*Asks:* 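Starting off with a structure, shown below.
Because only heavy atoms are used, hydrogens play no part in the values below, and waters and symmetry mates are left out as well, while side chains stay in. When a ligand or atom number is given, it counts from 1 through the structure's own listing order. This one's a predicted model, so the numbers in the text were calculated from it and none came from an experiment.
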Amino acid sequence: MKTTLAGSAIAAFPKLTLAKTSDDFLELRAAEGEARLYGDKGGASPLWLYNDRLPGPEIRVKQGERVKVRFINELDEPTSIHWHGIRIDNAMDGVAGVTQPAVQPGESFDYDFVAPDAGTYWYHAHNMSWNQVPRGLSGPLVVEDHDDLFSGDTDINLVLSDWRLDENGVLDTASFGARHDFSHAGRLGNWLTVNGVSLPDIPLQKGRWHRLRLINVSASRILDLAPERMGAKLIALDGQTLSEPREVPGIVQLAPAQRMDLAVQPTEPGTFPLEMMTGQPFAFANFQVSDGDGRDGPLTLPPVNRLPEPDLADALELPLVMQGGAMGGMRALMEDRSEDEVRKMVQDGQFWTFNGVAGMQGEPMFNARRGETIVLESRNDTGFPHAMHIHGHHFRLLERDGEPLDHQDWRDTFTSQPQETVKIAFVADNPGKWLIHCHMLGHAASGMMTWFEVV
Ligand code: C2O
Ligand code: CU
């Protein structure tokens, strides 16, 4: 983090209303735009935005409702929209080249799907994601519970984004796609924004319960956060409400694409920071608690979503071995390949493999019968952490390094540290072609992307 760059505080959390077309579609347009990512003192960065907003406008529906979005591409390059974490109809998953052709410049595509689970989700570009998402093409998608306990100004989206800014505080676009980033930790930045704003003030009210919906839309940055230092409890992960509020001491990692919902009830007026805990604590937003005589009762959570429970006794068990990358990771690749083969991979910009295979192939990594339980045991044989995402399904996190976890949470993206083994399980109940990839977008583009089919 470049802590020497000091930003200015801005209170800007407008609630947006999206225009609807006569046939009831929300209109989302991707086009070039700009924003001051480094506050008033920084220059305007050239960005790609949905509806000229950073982040894209909030889309909010009730659980079980349809999301209908007419997407219009006004960019100069093809793109598509993926609805991250939604257990969605495969045809609406928005993966260019897999579930739909990319939407060409000047063309449009109608997304229309049911949002079956309440929770915090997000949408983002899914064509050349490494280039499109970190230029601004993402936004929050909130699915409300039927009797939502938090409303209006106590239900707050915090879209967290890491940017690589130059010395003028302007987005460094020249380094997009840098091979060094792809083969190392991914594109990491030096500045964080919340809802597109540098060092914002986030208003809270004394005595009220607030639901903070944190969404990490960064290309590669894992955020180390400390909910307990904010007096906050964890109430949901990757959209899925926990069965009860959880106090978590120490650091909780929020990897790219992951979400974490916190509940906080400030007891005093004043200011407290939202901090990045990697190295020295570093505040990148400030909560401003106003005085008042509000006094909410004890925190009660909405019911959990009903997800299909894996049947571990009758599961298809598969390995997912990650190899490659710089810092010694290529060595493992060389064991089963000639030097020429490895040189060719690197020339083609492929630095990583899953089970020895780099990138998308014509054949899926596996086929699943509809309703079959899949157990994946992932082993990270690389020198870097990864954030593994599975499309169309949520899985239970079962074990790390052979140790059953105390909380076998439902997730759609899991972290994996170097040399770590992580075991997950899910019911492959959603027919279609689904991606499994690292959500460090440069890693996904340079080998860490595969797919499976549910028939
Ligand atoms: Cu959040 Cu394949 O994506
Ligand atoms: Cu990765």
Side-chain angles (χ1 to χ4, degrees), residues 55-56 79-88 90 92-100 102 120-134 137-141 159-161 181-188 215-222 238-239 253-259 320-327 329 350-354 358-360 365 378-395 411-420 422 430 432-452:
T79 183
S80 63
I81 306 184
H82 169 58
W83 313 91
H84 185 113
I86 302 288
R87 297 189 300 137
I88 202 169
N90 190 248
M92 295 290 124
D93 199 39
V95 180
V98 176
T99 64
Q100 66 169 97
T120 307
Y121 303 92
W122 63 299
Y123 59 92
H124 62 81
H126 213 300
N127 186 50
M128 312 262 286
S129 310
W130 57 272
N131 189 37
Q132 298 192 350
V133 178
L137 290 176
S138 67
L141 170 57
V159 178
L160 313 180
S161 189
D181 290 337
F182 281 20
S183 60
H184 289 72
R187 179 183 173 86
L188 295 174
I215 309 173
N216 185 356
V217 306
S218 304
S220 311
R221 173 73 68 187
I222 296 176
D238 291 356
Q253 289 199 323
L254 192 68
Q258 290 187 320
R259 286 87 65 216
L320 179 64
V321 181
M322 310 172 202
Q323 290 182 326
M327 312 302 280
Q350 297 293 299
F351 307 116
W352 309 90
T353 58
F354 288 152
M360 292 291 278
M365 180 184 139
S378 88
R379 202 177 76 230
N380 182 349
D381 269 356
T382 79
F384 296 91
H386 300 286
M388 295 295 302
H389 172 47
I390 298 184
H391 279 224
H393 299 77
H394 277 243
F395 49 80
R411 305 228 53 155
D412 60 44
T413 306
F414 69 92
T415 55
S416 150
Q417 303 301 325
Q419 304 315 313
E420 191 181 36
V422 182
N430 198 346
K433 297 177 173 175
W434 304 106
L435 296 189
I436 300 181
H437 64 88
C438 180
H439 223 288
M440 289 158 176
L441 301 170
H443 291 175
S446 58
M448 299 193 106
M449 168 108 77
T450 187
W451 63 287
F452 66 103

*Asks:* Quick one: does His391's side chain get under 4.5 Å of Val95's, heavy atoms only?
*Replies:*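 Yes, at least one pair of side-chain atoms sits under 4.5 Å.
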*Asks:* Report whether any nitrogen, oxygen or sulfur of His443 sits less than 2.8 Å from the Cu ion (ligand 2) (N, O or S, backbone or side chain).
*Replies:*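 Of the N, O and S atoms in His443, at least one lies under 2.8 Å from the Cu ion (ligand 2), which means yes.
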*Asks:* Between Thr79 and Gln132, do the side chains contain a donor N or O and an acceptor N or O under 3.5 Å apart?
*Replies:*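 Side chains of Gln132 and Thr79: pair found under 3.5 Å.
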*Asks:* Check atom 1 (Cu) of ligand 1 and write out every protein N, O or S atom at under 2.8 Å, as residue and atom.
*Replies:*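 Counting only protein N, O or S atoms under 2.8 Å from atom 1 (Cu) of ligand 1, the list reads His84 ND1, His124 NE2, His439 NE2.
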*Asks:* Given His437, which of His389, His443, His386 fulfils the ring-ring contact (aromatic ring centres under 6.0 Å, His included) condition?
*Replies:* His389
*Asks:* Closest N/O/S atom of His437 to atom 2 (Cu) of ligand 1, by atom name?
*Replies:* NE2
*Asks:* Between Ser378 and Phe414, does a side-chain contact (heavy atoms from CB on, under 4.5 Å) hold up when you go through it step by step?
*Replies:* CA-CA 10 Å; Ser378 88; Phe414 69 92; 3.5 Å; yes
*Asks:* Could you go through His184 and Phe384, starting from their C-alpha distance and side-chain angles, then the distance that decides it, and tell me whether this counts as side-chain contact (heavy atoms from CB on, under 4.5 Å)?
*Replies:* CA-CA 7 Å; His184 289 72; Phe384 296 91; 3.8 Å; yes
*Asks:* Going by atom types only, do Asp412 and His84 share a side-chain donor-acceptor pair under 3.5 Å?
*Replies:*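 Yes, a side-chain donor-acceptor pair sits under 3.5 Å.
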*Asks:* Have a look at the Cu ion (ligand 2) and estimate, to 10 degrees, the angle subtended by SG (Cys438) and ND1 (His386).
*Replies:* 130°
*Asks:* Set out, in order, the CA-CA distance, both residues' side-chain angles and the distance that settles side chain to side chain donor-acceptor pair (under 3.5 Å) for Ser416 and Asn380, then state yes or no.
*Replies:* CA-CA 7 Å; Ser416 150; Asn380 182 349; 3.2 Å; yes
